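One-based numbering, in listed order, for ligands and for the atoms of each. Numbers here are sequence positions counted from 1. As the structure is a prediction and not an experimental result, all values here were calculated from the model.
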Amino acid sequence: MDWTKLPQKMLVCEVGPRDGLQSEKQHLTIDQKLELINLAVAAGCKVVEVGSFVSPKAIPQMADTDELCKLLPQVEGVEYRGLIFNLKGLKRAEAAGLKKCQLTVSASKGHCLANMNKTPEEAVASFAECVEYANEHGIALCAAMATSFGCPIDGHVPFEQVVSVAKCLSEMGIKEITLADTTGMANPRQVYQYMVDIQKLIPDADFGLHFHNTRGLGLANVMAGLEAGIVRFDASYAGTGGCPFAPGASGNIATEDLINMCNETGIETGIDIDKYLELGRKVEEYVGGKRSSALLRAGKCSDIVAKNKK
Ligand code: COA
Ligand code: ZN
């Protein structure tokens with residue numbers, strides 16, 4: 001790895017309110033969800049995925065996203081986005097006052113069918129009406145591609161398949177595209193190669209990455225993404241997270257761990273780690289029990305040294 005070529009800054013997108021909470025047994029109240037979002041913003045987080053506008057039968061934890069969005073504090077420079085799959089979701093997001101939505105499709109057929117009852121090709125084709133509506137109503141769209149690095153149902157996902165879905169999105173005018181490793185099947189070598197190659201093949205798209213730490217490779221994958229020039233990464237408070245429609249899914253990379261790695265390696269996030277640790281503790285209190293964040297267990301290096309010196 002050539003450390004001199006690593007980006008100096010990273011944009012961290014907090015997906016805890018959506019990916020983090022969507023499969024938690026303990027359903028948080030709107031006040032609790034709002035408090036956690038406020039703490040993330042107060043800590044310096046600039047992008048928050050606040051929830052999803054999906055069928056409440058499929059994901060009951062997200063049924064109150066409409067109401068939550070109406071209560072979000074409007075802070076200069078902070079972007080709130082909502083996850084959607086269809087026009088119904090987009091219209092709900094608009095009515096709730098959101099200005100940005102993330103369409104979601106899976107790169108693999110098996111997960112796409114399990115998650116949204118459509119093949120990737122059918123799903124992308126169905127997005128056309130969303131793009132038209134969003135353009136007419138001044139709503140920005142981005143997209144996430146689940147199972148981009150491996151699928152718990154189909155196994156290996158060919159790179160050509162990932163490129164093909166991303167190309168369709170880009171041709172529809174959706175330029176901000178996040179490749180997601182929904183069940184932690186990616187490895188650093190694969191991430192580096194995929195991201196170098198896909199940026200060459202679709203140069204006008206702005207790619208981000210979304211990792212789950214299921215097999216302990218989450219932060220290694222972030223480093224591989226950074227080396228390939230990617231500067232936008234999702235993470236979830238306390239390491240909560242997982243897709244209920246992906247067998248074996250587990251937590252996202254923990255936002256505290258990501259910020260800590262950036263602080264230790266000199267990559268700027270603009271986020272206050274101490275405030276984020278407070279937020280992480282609050283998340284664990286509300287969901288009931290410990291989650292996968294390493295930093296919440298171990299504390300910062302500097303804290304442990306200060307404690308042992310006394
Ligand atoms: N908001 C609320 N309800 C919605 C909805 C939305 N955006 N989209 C669909 N629905 C409802 C429909 O009204 C219908 O309800 P009914 O059974 O009471 O009539 C039901 O969902 C099925 O709708 P349909 O249009 O036939 O879609 P579908 O069965 O193909 O479902 C999804 C597709 C993706 C909309 C649905 O399965 C879903 O919301 N899944 C959640 C996926 C998810 O969030 N995964 C985790 C994140 S990756
Ligand atoms: Zn995820």
More than 12 heavy atoms from other groups under 6.0 Å of CZ on R189: no

More than 12 heavy atoms of other groups within 6.0 Å of E122 CD: yes

Short list, please: which atoms of ligand 1 are under 4.0 Å from a heavy atom of [X]?
| X | result |
| --- | --- |
| M116 | 30 (O), 33 (C), 34 (C) |
| A58 | 38 (C), 40 (N), 41 (C) |
| R92 | 1 (N), 2 (C), 6 (C) |
| G89 | 7 (N) |
| P56 | 2 (C), 3 (N) |
| K57 | 16 (P), 17 (O), 18 (O) |
| N86 | 5 (C), 7 (N), 8 (N), 9 (C), 35 (C) |
| R18 | 47 (C) |

Check: T147/T182 side-chain N/O donor and acceptor closer than 3.5 Å: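 No, no side-chain donor-acceptor pair sits under 3.5 Å.
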
Any side-chain donor near an acceptor of the partner, S126 and K118, under 3.5 Å: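 Not at all, the side chains of S126 and K118 share no donor-acceptor pair under 3.5 Å.
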
Can you pull out the closest protein heavy atom to [atom]? Residue, atom name and distance to 0.1 Å, please.
| atom | value |
| --- | --- |
| atom 28 (P) of ligand 1 | N117 ND2, 4.1 Å |
| atom 13 (O) of ligand 1 | K88 NZ, 2.8 Å |
| atom 37 (O) of ligand 1 | N115 O, 4.0 Å |
| atom 11 (C) of ligand 1 | S55 CB, 3.9 Å |

Partner of V47 by side-chain contact (heavy atoms from CB on, under 4.5 Å), out of E79, K100, E14: E79

Salt bridge [X]-[Y], side-chain N to carboxylate O under 4.0 Å:
| X | Y | value |
| --- | --- | --- |
| E176 | R232 | yes |
| R92 | D66 | yes |
| E284 | R297 | yes |

Aromatic plane relationship, H137 with Y133 - under 30° parallel, 30 to 60° tilted, over 60° perpendicular: parallel

At the Zn ion (ligand 2): angle between H210 atom NE2 and H212 atom NE2, to 10 degrees: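 That angle is 100°.
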
Region of F245 that comes within reach of ligand 1 [heavy atoms, distance under 4.0 Å]: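 Under 4.0 Å from ligand 1, F245 contributes side-chain atoms alone.
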
Test side chain to side chain donor-acceptor pair (under 3.5 Å) applied to K300 and D274, N263, N260, the passing residue: D274

D19 near the Zn ion (ligand 2) via N/O/S, less than 2.8 Å: yes

